[in-house]
Amino acid sequence: MTLHRYVLMVLTAAASLLAVVPCHARKKPVKKPVAAVSVTPLSDNDQKRYDYFYLQAICMQEKEDYAAAYDLLLHCLEINPDAAEAYFTLSNYDAALGQDSLMLDHMRRAVALDPENDAYAERLGQTYLKLQDYEQAVGLYESLSEAHPSRSDVLHILGRLYQQQKNYPKVIETLNRLENIEGSSEDISLAKMQMYSLQGRKKEEFRELRQLAQKHPSDYNYRVMMGNWLLKNGKPKEALAEYNAVLKKEPDNYAAMESLLDYYKSQQQDSLARVKTEELLVSTKTPSETKRRLISQVVMENEQQGGDSIKVLNLFDKILAQPQEDAEMASWRAVYMKLKKMPEDAQMEAWERVLAIDPADKASRLETLQLAIRQQDFARSAEICQRGADYNPDEMIFYYYLGLSHFQMDHLDEALEAFRRGVSQINSESNPDIVSDFYAIMGDILHTKHLDVEAFAAYDSCLQWKADNIGCLNNYAYYLSLGDTDLSRAEKMSYRTIKAEPANSTYLDTYAWILFRQGRYEEARIYIDQALRNDSTLSAVIIEHAGDIYAMCGETDRAVEYWQQALEKDGGNLLLQRKIKLRKYVE
């Protein structure tokens, strides 16, 4: 018989080992969910033949020759139709082939032939669970539990099975059996409470909870749970008594305080609820999760009542007046102020308060940076970035804005140093856009410092990271044209910029100027005219270039007009004065 090798490859070595589990240490006979069958003894000769071929089947399986193993197993059953291990091993192949019905038949046959083999029975039980045949699974696991009363793992499975069937009394019975083995525990008690609740048996539910509290008299949280149950079930006075009893023993028990808050709200005692909320928020023993939930409720209720931010901020101030383990509440205060669009100076103070608690909080530092840049306070943004780089040395954004801030203040050496530090942090995970801009601005600074070789190398690096960095393409092309260097490449780079942004007067001017440097004057005039039409501020450089281009096109009067306009904007330009005096283009 030939089988598809691919399907059989999914069989694991673990399955083969299960097939040969020895049946030693037999227990007393136990009623099984599969009826046992009588076994016909083999002759010595047939037993030897069977053992030989079964061993060969296992060897073939280990060699991953599954088709041969399957054929040998079938041959084994021809010799001994009562071989439990052969049926069980075949069931693994049936499972791999998706033959669920045949798999079950073989498994049941194996269990019937060897009813005391727990490995077989448990595998059959797992199969029932997989197939969602819960009735059969219950019978099997009950038999296993009868055979092994101390096996809590079997009882856990039984409990889930009965719960799946919504047989809640049997779940409780199983939990009681489990409690006899493992001893009482919160998990078991709570599980029984849930089962009682689903049956509407409130007396038994509360009795279980009360017993749990009695077993753990020093753990007052169980009494808080009793209070919560009483409050939920319409007994507020009894609930209040439980909360007060706990708080008398443990005044800082945050669970009792929070439950007492729920009590006040349920009784519409709003003023007491506000006082208790404040106590919980101010207390250093209240968990962060509880504080997050409470402050969210405070803000939401405040907004519903008109949004008096003064009240909320006063509460935040009371909270932050206490020692803080982390910056979470300070961060919430800053976020609140941002959402309420409070003055930027106040927001800056709020974020700085966060950083005073946690200087490594990158998100908060970026908020202060955003505010400083929006206010064009570049000295402050440089300081913020320097601190950010100290605490988060691998965050390139701080070097980027540190460099930009110094660049805006004409601190070229400091800017260049900042960008170089940033470049040293580049790795395979770096954002190509940011890295590209690093190199682009480094190129601009190096050109300003008359280091064109280094500047052009920086531009090349920029374009390696982002070939369509339009700003870099424009500046690179323009600076090449100034030195009449590689004008063909410059023209190609510049052309890409005007294709990307055809209305950008700066890019149009660069392209026109490169055409001019190539002696293509008439083409240059077309693009300089477009640049002038799109230049709302009438840049002196663009107007001067217009004059140069018109002069070389033979329109001297028009050229002089443009030069005079440019001189009005740049009165100290001696070259412009010379062009006007000579009425011709000079370099």
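Bear in mind the structure is a predicted one, so any value in this text is a computation, not a measurement. Note: hydrogens, waters and symmetry copies are ignored here, and every other heavy atom, side chains too, is used.
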Checklist entry - Does A566 offer a backbone N or O that forms a donor-acceptor pair with the side chain of D570 under 3.5 Å? => result no

Next on the checklist: Classify the ring geometry of Y495 against Y511: parallel below 30°, tilted from 30° to 60°, perpendicular beyond 60°.
Outcome noted: tilted

Item to check | ring-ring contact (aromatic ring centres under 6.0 Å, His included) against Y391, all qualifying residues, sequence neighbours excluded | outcome: none

Checklist entry - In chain order, what residues pass the ring-ring contact (aromatic ring centres under 6.0 Å, His included) check against Y254, with sequence neighbours excluded? => result none

Checklist entry - Can you name the closest pair of heavy atoms from A531 and D509 and give their distance? => result CB-N, 3.9 Å

Next on the checklist: Any salt bridge linking E544 with K579? Criterion: basic side-chain nitrogen under 4.0 Å from a carboxylate oxygen.
Outcome noted: yes

Checklist entry - Charged N to carboxylate O below 4.0 Å: is that the case for D317 and R353? => result yes

Next on the checklist: Could you work out, with ring-ring contact (aromatic ring centres under 6.0 Å, His included) as the rule, every residue matching Y400, not counting sequence neighbours?
Outcome noted: F438

Item to check | 4.5 Å side-chain heavy-atom contact, K362 and I397 | outcome: no

Item to check | Under 3.5 Å: donor-acceptor pair, side chain of S481, backbone of Y478 | outcome: yes

Checklist entry - So, the side chain of D452 versus the backbone of A455: is there a donor-acceptor pair under 3.5 Å, distance only? => result no

Checklist entry - Do S494 side-chain atoms and E491 backbone N/O form a donor-acceptor pair below 3.5 Å? => result no

Checklist entry - If only atom types and distance count, is the side chain of Q324 paired as donor or acceptor with the main-chain N or O of Q322 below 3.5 Å? => result yes

Checklist entry - So, are R517 and E587 salt-bridged, with charged N and O less than 4.0 Å apart? => result yes

Show me the donor-acceptor pairs within less than 3.5 Å that the side chains of residues 293-301 make with the rest of the protein, sequence neighbours left out.
residue, atom, partner, partner atom, Å
R293, NE, E258, OE2, 3.3
R293, NH2, E258, OE1, 3.2
R293, NH2, E258, OE2, 2.1
S296, OG, R292, O, 2.8
Q297, OE1, K265, NZ, 3.1

Show every donor-acceptor pair shorter than 3.5 Å between a side-chain atom in residues 329-343 and any protein atom, with sequence neighbours excluded, or say none if there are none.
residue, atom, partner, partner atom, Å
R333, NH2, E349, OE1, 3.4
K338, NZ, E367, OE1, 3.2
K338, NZ, E367, OE2, 3.0
K340, NZ, E303, OE2, 3.0

Checklist entry - If you measure from the Lys or Arg side-chain nitrogens to the Asp or Glu carboxylate oxygens, is any gap between D468 and R496 under 4.0 Å? => result no

Item to check | E344/Q375 under side chain to side chain donor-acceptor pair (under 3.5 Å): CA gap, chis, key distance, verdict | outcome: CA-CA 9 Å; E344 291 188 348; Q375 295 170 354; 3.2 Å; yes

Checklist outcome for this item: Sorted by chain and residue number, the ring-ring contact (aromatic ring centres under 6.0 Å, His included) partners of Y562 (sequence neighbours excluded) come out as Y550

